[in-house]
Amino acid sequence: MSLAQSISKREHSDDLLQSNKRQQTGLTNYETKETLPLVAQLFNLIPGKECTYNISEKPITTIGRSRSCDITLNEPDISTTHCELHLIDMEVDGIHRKLINIIDKSRNGTFINGSRLVKKDCILKNGDRVVFGKTFSFLFKYVSISDLNNAESDSATAAAESKDDNTVFKKPQFSFTSSQNALKRQPRQKPSSVFDKYLIGKELGSGHYAVVKDGTNKQTGQAVAVKIFHPQQNDDQKKSKQFREETNILMRIHHPNIVNLLDSFVEPISKSQIQKYLVLEKIVDGELFERIVKKTSLRQDETKSIFKQILVGLKYLHNQNIIHRDIKPENILLNITRRTSPDQLQLGPWDEDEIDIQVKIADFGLAKFTGEMQFTNTLCGTPSYVAPEVLTKTGYTSKVDMWSAGVILYVCLCGFPPFSEQLGPPSLKEQILQAKYAFYTPYWDNIDDSILHLISHLLVLDANKRYSVDQVFEHEWLKDSTPQANVIKDMKRLQLSDGQLPKTYSEMSCL
Ligand code: ADP
């Protein structure tokens with residue numbers, strides 16, 4: 001190495017040292033000018049290398065090995081310009097938000113929460129783990145108004161810490177511009193991101209439109225379920241406004257037999273895509289479907305107690321002019337109070353180890369979040385529980401839920417649905433359109449006639465003649481009167497040949 005080369009190298013590394021020192025005290029090259037407000041921060045998480053990089057309100061912030069980058073990361077696996085952080089102003093859910101869109105430019109990759117960014121833009125969110133190459137791991141966080149407020153109260157501590165040269169990890173410090181001072185005076189706002197308010201954990205279940213994950217309210221510690229819908233295009237501000245209005249209405253719906261909606265958020269995931277989040281009351285003991293599968297079928301008294309609660313929930317929804325349209329055992333969730341000693345009194349006809357079961361209807365108002373078209377198409381795709389008028393798309397009323405309630409009642413008692421491809425021909429759809437079903441022997445042999453009577457007044461083609469919730473409450477089976485013999489004269493229990501015997505859900509799940 002020539003003298004000139006070695007001097008230039010030394011100068012270069014001195015420069016890098018200076019630059020790193022500036023950044024590690026929380027000041028990027030750019031921010032030394034202190035003209036632009038802070039938008040976000042990257043916290044280095046590697047033990048021994050803890051430091052904070054500030055991202056200011058600059059159109060593009062560059063990160064890379066080059067000294068000309070706004071944030072210099074001096075390691076061989078970091079590309080000259082490793083990635084760019086683009087500041088974008090997006091209107092999401094009626095709110096203007098300044099967001100950071102990260103674009104990878106590297107050879108060794110940029111990883112967000114373990115996934116490599118591949119030729120896609122990605123909007124960073126609070127709590128994202130961002131890894132550059134193999135060496136640098138950061139936690140990303142937007143600077144919120146409350147951070148600025150906290151910074152003020154923390155300023156004394158932070159100032160004391162900054163004087164201590166041995167402290168490597170320093171709390172972010174802020175030099176307030178007048179506009180930031182104005183921000184400080186504003187009252188605390190509703191967090192605009194779900195990640196500000198909730199910690200999101202493991203998956204609880206998944207469905208047609210969404211995954212549901214465990215969540216915890218960071219302030220109250222309340223356990224919640226967070227339903228995360230599949231990404232949608234962010235192309236219609238009118239729809240966003242509608243989403244906000246509708247969730248506001250649905251958040252006012254509160255009932256013990258309904259899974260309550262607690263909060264809703266729209267999160268941008270790229271320049272063109274958004275994701276909707278619903279924060280729901282968390283239900284811990286799974287779906288009615290799983291209970292039926294586990295027990296093959298439910299006892300009559302147990303079915304009655306569950307069915308009554310479904311009806312109470314439906315009555316409440318119908319009184320609020322909400323039609324569920326997707327009532328099925330997967331959407332009926334259970335909270336079970338367990339019995340810890342035989343002395344504890346049971347509050348219903350439950351299993352030995354159970355004191356009580358609270359039934360909760362999930363997924364009301366779903367069409368509003370998925371889009372009407374997608375919702376109806378999905379319903380019609382697997383229509384086991386769907387009323388005929390939904391399939392023919394000839395207009396529907398709250399009576400569609402009463403048809404589905406009839407299907408649920410049937411399934412609970414025998415363990416298989418009244419309409420299925422397996423029972424065909426005709427096809428499943430045709431069976432529904434003709435209301436063609438039967439009470440097969442031996443499954444229905446020991447079931448009260450009054451239940452058969454009730455089911456046959458729910459699975460009725462003409463919605464006007466189908467029982468409403470109130471009529472069901474008036475029915476003798478629910479009024480606990482002794483069932484009369486032979487209530488149904490025209491409803492014969494049907495004998496099938498062996499090859500035609502329907503399979504219960506429980507048998508199907510063993511296949
Ligand atoms: P989709 O509407 O996409 O079909 P679901 O709402 O049915 O999705 O949710 C999928 C699964 O997540 C459910 O079957 C259930 O197991 C679980 N789940 C849904 N909501 C809750 C909740 N509030 N509490 C606990 N688990 C839930």
Side-chain angles (χ1 to χ4, degrees), residues 194 197-217 220-232 243 246-247 250-251 253-267 274-294 306 309-310 313 316-317 322-337 357-386 390 400-401 404 407-408 411-412 417 505 508-509:
V194 67
K197 193 166 171 186
Y198 297 95
L199 266 180
I200 297 179
K202 65 174 192 330
E203 189 173 317
L204 294 173
S206 65
H208 282 115
Y209 318 95
V211 264
V212 178
K213 292 191 176 179
D214 208 17
T216 312
N217 184 319
T220 63
Q222 183 191 15
V224 295
V226 183
K227 183 163 178 164
I228 309 166
F229 286 86
H230 303 323
Q232 298 173 3
F243 170 77
E246 274 155 0
T247 48
L250 295 179
M251 277 193 286
I253 303 282
H254 286 290
H255 190 274
N257 297 116
I258 304 285
V259 175
N260 291 313
L261 174 63
L262 307 171
D263 236 333
S264 74
F265 295 87
V266 181
E267 295 293 335
I274 51 150
Q275 228 166 355
K276 290 175 182 168
Y277 286 69
L278 295 183
V279 180
L280 303 160
E281 176 188 5
K282 185 178 169 184
I283 313 300
V284 288
D285 293 296
E287 304 165 5
L288 174 61
F289 182 78
E290 292 157 355
R291 191 171 176 92
I292 300 170
V293 170
K294 204 170 100 201
I306 290 173
Q309 295 190 52
I310 297 174
Y316 175 81
L317 286 180
I322 295 172
I323 306 170
H324 191 293
R325 283 200 283 167
D326 197 16
I327 292 288
K328 55 185 177 188
E330 294 89 330
N331 278 338
I332 307 295
L333 303 181
L334 309 175
N335 266 340
I336 302 176
T337 315
I357 297 185
Q358 192 171 33
V359 177
K360 302 265 190 179
I361 301 176
D363 265 2
F364 68 96
L366 192 62
K368 308 209 183 308
F369 307 116
T370 58
E372 182 60 37
M373 269 257 283
Q374 199 199 341
F375 182 70
T376 318
N377 287 344
T378 313
L379 279 187
C380 298
T382 44
S384 297
Y385 293 82
V386 161
V390 175
V400 296
D401 291 339
S404 308
V407 180
I408 288 207
V411 169
C412 284
Y505 278 141
M508 283 192 265
S509 73

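These numbers come from a predicted model, not from an experiment. Read the numbers this way: they start at 1 and go in the same order the structure lists the ligands and their atoms.
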Is it the side chain, the backbone, both or neither of [X] that has a heavy atom closer than 4.0 Å to ligand 1?
X	answer
Asn331	side chain
Val211	neither
Ala225	side chain

Original post:
Which ligand 1 atoms, with their elements, are less than 4.0 angstrom from a heavy-atom of Ser206?
Top reply: 10 (C), 11 (C)
Subject >> Proximal ligand 1 atoms for Lys282, defined as those under 4.0 Å from one of its heavy atoms >> reply: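 With Lys282 as reference, the close atoms of ligand 1 come out as 24 (N).
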**OP:** Would you please test Tyr198 and Asp263 for side-chain hydrogen bond (donor to acceptor under 3.5 Å, both in side chains) and show each step?
**Re:** CA-CA 10 Å; Tyr198 297 95; Asp263 236 333; 2.8 Å; yes
Subject >> Heavy-atom pair of closest approach, residues Leu288 and Cys412 >> reply: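 Shortest heavy-atom separation between Leu288 and Cys412 comes out as CD2-SG, 4.1 Å.
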**OP:** With atom 23 (N) of ligand 1 as the reference point, say which of His208, Lys328, Glu281 has the nearest heavy atom.
**Re:**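 Ranked by closest heavy atom to atom 23 (N) of ligand 1, first place is Glu281.
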**OP:** Going by heavy-atom distance to atom 14 (O) of ligand 1, choose the closest among Glu287, His230, Glu203, Glu330.
**Re:**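 Going through Glu287, His230, Glu203, Glu330 one by one, Glu287 has the nearest heavy atom to atom 14 (O) of ligand 1.
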Subject >> Within-4.5 Å side-chain heavy-atom neighbours: Val411 and Phe289 >> reply: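 Answer no - side chains too far apart.
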Original post:
Is Ala362 in contact with ligand 1, taking contact as a heavy-atom separation below 4.0 Å?
Top reply: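 The answer is no, since Ala362 has no heavy atom less than 4.0 Å from ligand 1.
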Original post:
Side chain of Glu330, backbone of Gly207: donor and acceptor closer than 3.5 Å?
Top reply: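 Not confirmed, Glu330 side chain does not pair with Gly207 backbone.
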Subject >> ligand 1 N/O within reach of Ile283 N/O, cut-off under 3.5 Å >> reply: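 Ile283 vs ligand 1: N/O contact under 3.5 Å present.
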